[in-house]
Amino acid sequence: MSAAPRRPLGPGRVLAFGYGLFVVAAGSRAIVQLGSHAGRAPLAYGLSAFAACVYIAGLVLLLRVDRSGRGIGAARALCVAELTGVITVGTASLIWADHFPEATVWSHFGSGYSFVPVVLPLLGLSWLRHITGRDEPQTAPLSGDRSPTATQR
Amino acid sequence: VIESLAAATTFAAVVLAVWLAIAAVRGTFRSRSALIALAVLEIALVIDAIAAVIGLAGGHQPKELVTQLAYLIVSLLIAPAVGVQIAGDNSRWAAGLAAAGSLALAVVVIRAQTTWRSA
């Protein structure tokens with residue numbers, strides 16, 4: 001515990017906490033699944049491990065953005081990759097159900113986790129968008145501008 | 001796992017989460033009261049975990065022992081993890097973080113209970 005005065009927590013920190021929870025959830029799930037009966041559903045269990053890695057990367061990148069404001073592009077790329085992963089795995093688990101005899105974290109779009117896995121990257125993207133707008137007001141005008149400069153970083 | 005204690009803990013964690021969410025919205029959050037509430041929850045969780053260890057030593061066999069242990073350990077870590085982050089911080093987002101933590105705590109306790117019953 002540090003006694004140094006700190007700035008109050010912001011939304012980025014809350015988001016990072018959410019990612020931290022999912023590092024633990026997905027990580028321990030993958031360890032238990034792969035450690036005790038890896039052969040039962042190798043694809044699903046491997047995807048649990050992959051999800052855990054994505055959440056670790058998300059935690060690190062979001063904390064970096066929250067602390068220093070740097071690495072927004074990398075964090076945004078991670079959120080997009082994560083969202084793509086959730087949608088891909090979620091769809092695949094519905095279409096090829098026989099390849100998913102056991103659930104993985106992103107099965108059925110994360111229904112086992114109250115769909116938080118879908119919401120998390122969306123919240124991440126909206127937060128990153130919010131702070132980009134705040135840091136660069138000249139490139140993110142208030143209304144109607146959809147020019148590519150607004151999203152460049 | 002003591003069923004009634006786990007149920008009470010779950011209920012308290014949900015109530016705490018709602019209270020914290022309201023405090024976050026209204027901007028009336030005081031981290032001191034949240035820390036006290038989290039400490040009380042933690043005591044209940046420690047008692048419950050001790051009861052679980054005694055139960056396991058006494059021969060209770062949940063279907064997934066490793067999962068059970070993982071839930072027990074995580075249930076003890078969430079409140080401290082929230083506590084160190086919100087200590088001395090009365091901001092709305094500190095309240096939001098604590099609310100998210102309380103909700104996660106409720107979920108973990110419910111899951112631990114479910115695993116425990118599947119003997």
Side-chain angles (χ1 to χ4, degrees), chain A residues 1-38 40-41 45 48 52 55 59 62-63 65-67 102-105 110-117 119-120 123-124 126-127 130-131, chain B residues 13-14 17 20-21 23-25 27 29-31 34-35 38-39 62-112 114-115 118:
Chain A
M1 289 217 255
S2 64
R6 303 170 303 185
R7 66 190 172 92
L9 299 186
R13 188 64 173 279
V14 179
L15 211 48
F17 179 69
Y19 273 77
L21 288 174
F22 270 85
V23 168
V24 176
S28 41
R29 177 170 198 149
I31 291 169
V32 169
Q33 288 179 331
L34 289 170
S36 52
H37 41 253
R40 208 188 287 170
Y45 296 169
S48 292
Y55 288 123
L59 173 64
L62 287 176
L63 277 180
V65 173
D66 188 51
R67 283 195 183 136
E102 302 263 320
T104 180
V105 181
S111 66
Y113 297 84
S114 310
F115 299 104
V116 176
V119 180
L120 221 43
L123 287 177
S126 83
W127 175 63
H130 173 76
I131 59 172
Chain B
V14 172
L20 289 165
V25 172
F29 177 65
R30 289 290 167 271
S31 79
L35 287 174
L38 285 170
K63 210 156 93 189
E64 310 239 354
L65 177 65
V66 190
T67 311
Q68 183 74 59
L69 293 175
Y71 281 137
L72 283 177
I73 294 168
V74 171
S75 75
L76 296 178
L77 293 180
I78 292 179
V82 170
V84 293
Q85 295 190 79
I86 65 162
D89 186 340
N90 294 327
S91 68
R92 285 167 192 271
W93 291 105
L97 193 151
S102 301
L103 215 52
L105 201 49
V107 172
V108 170
V109 175
I110 291 171
R111 294 236 168 148
T114 315
T115 325
S118 72

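Keep in mind the model is a prediction, meaning the values are calculated, not measured. Chain letters run A, B, ... following the sequence lines, proteins first, then strands; residues in each count from 1.
Only the side chain of B:Glu64 comes within contact range of chain A, with at least one heavy atom under 4.5 Å from a heavy atom of that chain. Using a 4.5 Å cut-off between heavy atoms, A:Arg29 does not touch chain B at all.
Counting all heavy atoms, side chain and backbone alike, B:Trp93 lies closest to A:Val14 at O-CG2, 3.2 Å.
Chosen from B:Val108, B:Asp89, B:Val66, B:Ile86, the residue pairing most often with chain A at heavy-atom distances under 4.5 Å is B:Asp89. Looking only at heavy-atom pairs under 4.5 Å with chain B, the residue among A:Gly20, A:Pro8, A:Gly18 that has the most is A:Pro8. Contacts with chain A were tallied for B:Ser91, B:Ala104, B:Gly101; B:Ser91 has the most, counting heavy-atom pairs under 4.5 Å.
Checking each of B:Ile78, B:Ile73, B:Val74 against A:Val24 for a side chain to side chain contact (heavy atoms under 4.5 Å, CB included) leaves exactly one that passes, namely B:Val74.
Annotation: side chain of B:Val107 is not in contact with side chain of A:Tyr113 (no heavy-atom distance under 4.5 Å).
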